[in-house]
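Just so you know, these numbers use all the heavy atoms, side chains as well, and skip hydrogens, waters and symmetry mates. This structure is a prediction, so every number in the text was calculated from the model and none was measured.
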Amino acid sequence: MTTSPRTRLLLATITTTALLAGCNAGAGSDPVSTGSGTQGADGGTATDDGAGSTGTAAPGGSDETVRVGLVAEPASLDFTTTDGAAIPQLLLDNVYETLVTVDADSGEIVSALAEEWEVSEDRLTYTFTLKDGVTFSDGSEFTAEDAVFSLERVKSDAWTISLKAQLDVVDTVEAPDDGTVVITLSQPSNRFLYALTTRVGAMFDTEGVDDLANTPVGTGPYLFTDWQRGSRITLERNEDYHGDVPYFSDVEMHYFRDANALNNAMLTDAIDVVSTVQAPESLVEFEGGDYQIIEGTTNGEVVLSMNQTEGMPLADPLVRQAVRHAIDHQALMDTCWAGRGTLIGSMAPPTDPWYEDRTGDYPFDPERAQSLLAEAGAEGTALRLRIPTLPYAVSCGTVVESMLEEAGFDVTVDELEFPSAWLETVFTSKDFDMSIVAHVEPRDMASVFGNPDYYTTYGTEEIQALLEEADTGTEEEQVSKMQEAAALISEDAAADFLFLLPNLMVADPDITGLPENAIKESFDLSSLARG
């Protein structure tokens with residue numbers, strides 16, 4: 001059957017993104033994410049989450065360069081082997097494209113490199129009809145052979161990040177002709193189509209994967225041209241692009257480690273856009289008409305993760321519960337993020353169909369925290385809070401430290417350079433008790449908490465069963481089971497959910513095409529223009 005827009009909407013679901021492997025800690029519209037997505041994705045039924053934008057790019061373009069300020073520079077350009085949300089933020093939809101994508105305004109799954117698709121009645125077979133006339137940046141034609149190569153490669157050893165598990169449900173990928181791709185699943189999956197909108201759905205040239213870390217080859221509206229490490233990455237307009245030509249000839253992505261340096265660059269006209277304000281209290285500097293300020297929401301759950309590996313202090317659920325009761329979330333958000341953001345209490349933001357307000361599960365109660373510690377015989381428990389050198393993590397880390405010590409913990413804060421040191425120490429080696437990072441991939445509950453080998457160390461059999469039932473069931477079952485899963489994760493104190501990052505952007509007053517809400521892994525640069 002041919003899918004209508006409404007049907008396509010209902011098919012979107014649980015997409016797994018890892019925290020830096022799904023962790024997009026602090027990286028612009030889509031903070032770092034690896035394996036699961038930090039600063040976020042675990043699909044679900046796509047919904048209209050009101051992610052509007054300030055305009056669209058004018059056809060024809062100009063010779064102008066737009067300069068965008070961000071934090072969390074990519075560790076490499078290869079998101080198949082390197083975690084971190086900064087990579088898809090830069091490359092997805094800009095250099096690499098997918099068969100289908102998420103519309104930033106409606107949240108609906110729409111066509112991209114596939115102009116249409118059909119889904120069989122048993123929900124096992126997806127048939128995609130590809131657009132004609134699409135070429136890669138090396139001049140080769142994009143065909144069904146490239147799509148088969150790209151999707152099969154995700155399931156091979158070539159992909160190493162944990163997000164690749166999103167395509168485990170794929171049984172076969174076939175190309176009956178150059179313009180048709182047929183994907184057969186091993187079981188029905190609500191999250192599959194949504195997963196294709198993320199980095200695991202990126203289309204690669206069969207001859208263009210020899211040096212992904214330095215030379216990406218894609219079909220997108222921009223071409224990678226230069227990387228001055230520690231400073232900026234430059235993209236150039238693809239004049240042979242199959243779609244609407246971007247307005248800006250070049251895009252310079254400038255990376256800043258310090259929030260004040262990022263703001264000063266905007267104030268001194270060194271950049272045109274602050275893609276993610278990292279010092280919300282400083283917004284007053286931009287008020288008064290000389291700049292436009294955009295404030296919306298994101299998928300970026302700021303998670304206080306707890307290492308539950310056997311033998312670790314937080315393996316005891318009573319100690320984890322004490323941590324949750326010890327934190328005054330409103331006071332924390334007011335202190336470290338100027339009160340901007342949303343308290344959610346779970347791993348589901350309000351833009352997810354299964355969102356429920358779970359802030360009441362563990363109300364601030366330091367006396368209860370102390371009682372739980374006493375019950376566990378864990379008074380004075382020493383905890384290593386190892387955080388990435390990202391503004392929100394550093395700012396919130398000192399507040400968490402103070403609140404936990406008032407409840408009877410002995411907390412040591414270690415700042416680890418991000419991304420390399422944090423990824424190696426916390427994400428890979430799990431050498432930590434607690435950490436703070438924003439999981440920014442969309443719908444990433446399954447990625448972050450459905451895998452016991454992931455750095456969050458949860459992934460119980462019960463949660464895995466709920467997530468599978470959500471994926472294979474009806475639309476109604478998906479929503480109800482995802483709500484059950486979110487409740488279980490919260491009640492088990494699998495982590496603490498500090499707050500949901502806001503989408504805060506500052507730009508020149510005539511820049512258009514900026515997203516109100518950041519709901520995708522990518523920052524769509526082709527939508528930017530000057531009005």
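Using modelled atom types and a 3.5 Å distance limit, the side chains of S140 and D205 yield a donor-acceptor pair. No side-chain N or O of H254 forms a donor-acceptor pair with one of Q228 less than 3.5 Å apart. If you check the side chains of T135 and E141, you find no donor sitting under 3.5 Å from an acceptor. Looking at D78 and S76, their side chains never bring a donor and an acceptor atom within 3.5 Å of each other. Under the 3.5 Å distance criterion, with hydrogens and angles disregarded, no donor-acceptor pair is assigned to the side chains of N503 and T298. Between the side chains of E236 and T234, no donor-acceptor pair is found at a separation under 3.5 Å. Side chains of T143 and D178: a donor-acceptor N/O pair is absent below 3.5 angstrom, by distance only. In summary, the side chains of D524 and S526 do present a donor paired with an acceptor at a separation below 3.5 Å, with no hydrogens or angles considered. A side-chain donor-acceptor contact under 3.5 Å links N263 and S282. Between W227 and E73, the side chains place a donor N or O and an acceptor N or O closer than 3.5 Å (distance only, hydrogens not considered). Side chains of W422 and S435: a donor on one and an acceptor on the other come within 3.5 Å.
Proximity of a side-chain donor or acceptor of N517 to a complementary backbone N or O of T297 within less than 3.5 Å is detected. When atom types are taken as modelled, the side chain of E64 and the backbone of F248 share no donor-acceptor pair closer than 3.5 angstrom. Looking at D103, its side chain never comes within 3.5 Å of a backbone N or O of E108 through a donor-acceptor pair. Distance alone, capped at 3.5 Å, places no donor-acceptor pair between the T81 side chain and the T160 backbone. A donor-acceptor pair under 3.5 Å is formed between the side chain of D177 and the backbone N or O of T180. Judged purely by atom type and a 3.5 angstrom limit, D352 has no side-chain atom pairing as donor or acceptor with the backbone of Y355. For E252 (side chain) and V66 (main-chain N/O), no donor-acceptor pair under 3.5 Å exists by modelled atom type. No donor-acceptor distance shorter than 3.5 angstrom exists from the side chain of S395 to the backbone of P391, with no hydrogens or angles considered. A donor-acceptor pair under 3.5 Å is formed between the side chain of T198 and the backbone N or O of A195. Using a distance-only test at 3.5 Å, with no hydrogens or angles considered, no donor-acceptor pair links the side chain of T215 to the main chain of L212.
Sorted by first and then second residue, the salt bridge (Lys or Arg N to Asp or Glu O under 4.0 Å) pairs with a member in residues 263-277 read R67-D269, R67-D272, D272-R530; sequence neighbours excluded.
In this structure, T80 and I161 have side chains that are not in contact, with every pair of non-hydrogen atoms separated by 4.5 Å or more. Side-chain atoms of L528 and T512, non-hydrogen and from C-beta on, never get closer than 4.5 Å to each other. Within the 4.5 Å cutoff, the side chain of M505 has heavy atoms near those of the P515 side chain. Put simply, the side chain of R199 reaches to within 4.5 Å of the side chain of L163, judged on heavy atoms.
Between T359 and G345, the shortest heavy-atom contact is CG2-N, 3.8 Å. Taking each heavy atom of A202 and T98 in turn, the nearest pair found is N-CG2, 3.7 Å. Pairing each heavy atom of I387 with each of G397, the nearest pair is CD1-CA, 4.3 Å. Between Y194 and I519, the closest heavy-atom pair is OH-O, 4.2 Å.
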### Audit row: I436, V302, side chain to side chain contact (heavy atoms under 4.5 Å, CB included) steps and yes/no
CA-CA 7 Å; I436 297 174; V302 181; 3.7 Å; yes
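Using a cutoff of 4.0 Å between basic side-chain nitrogens and carboxylate oxygens, R257 and E417 are scored as salt-bridged. Residues D250 and R237 are not paired through a salt bridge, judged by the lack of any N-O separation under 4.0 Å between the basic side chain and the carboxylate.
Note that CG of L235 and CG of L223 are 8.5 Å apart. Values are rounded to the nearest 0.5 Å.
Aromatic ring centres of Y454 and F449 lie farther apart than the 6.0 Å criterion allows.
Atom CD of E152 is surrounded by more than 12 heavy atoms from other residues, nucleotides or ligands within 6.0 Å.
With sequence neighbours excluded, no residue satisfies salt bridge (charged side-chain N to carboxylate O under 4.0 Å, His left out) with E145. Under the rule for a ring-ring contact (aromatic ring centres under 6.0 Å, His included), the partners of F204 that lie at least two apart in sequence or sit in another chain are Y96.
Below 30°, between 30° and 60°, or above 60°: for F427 and Y455 the angle between ring planes is between 30° and 60°, a tilted geometry.
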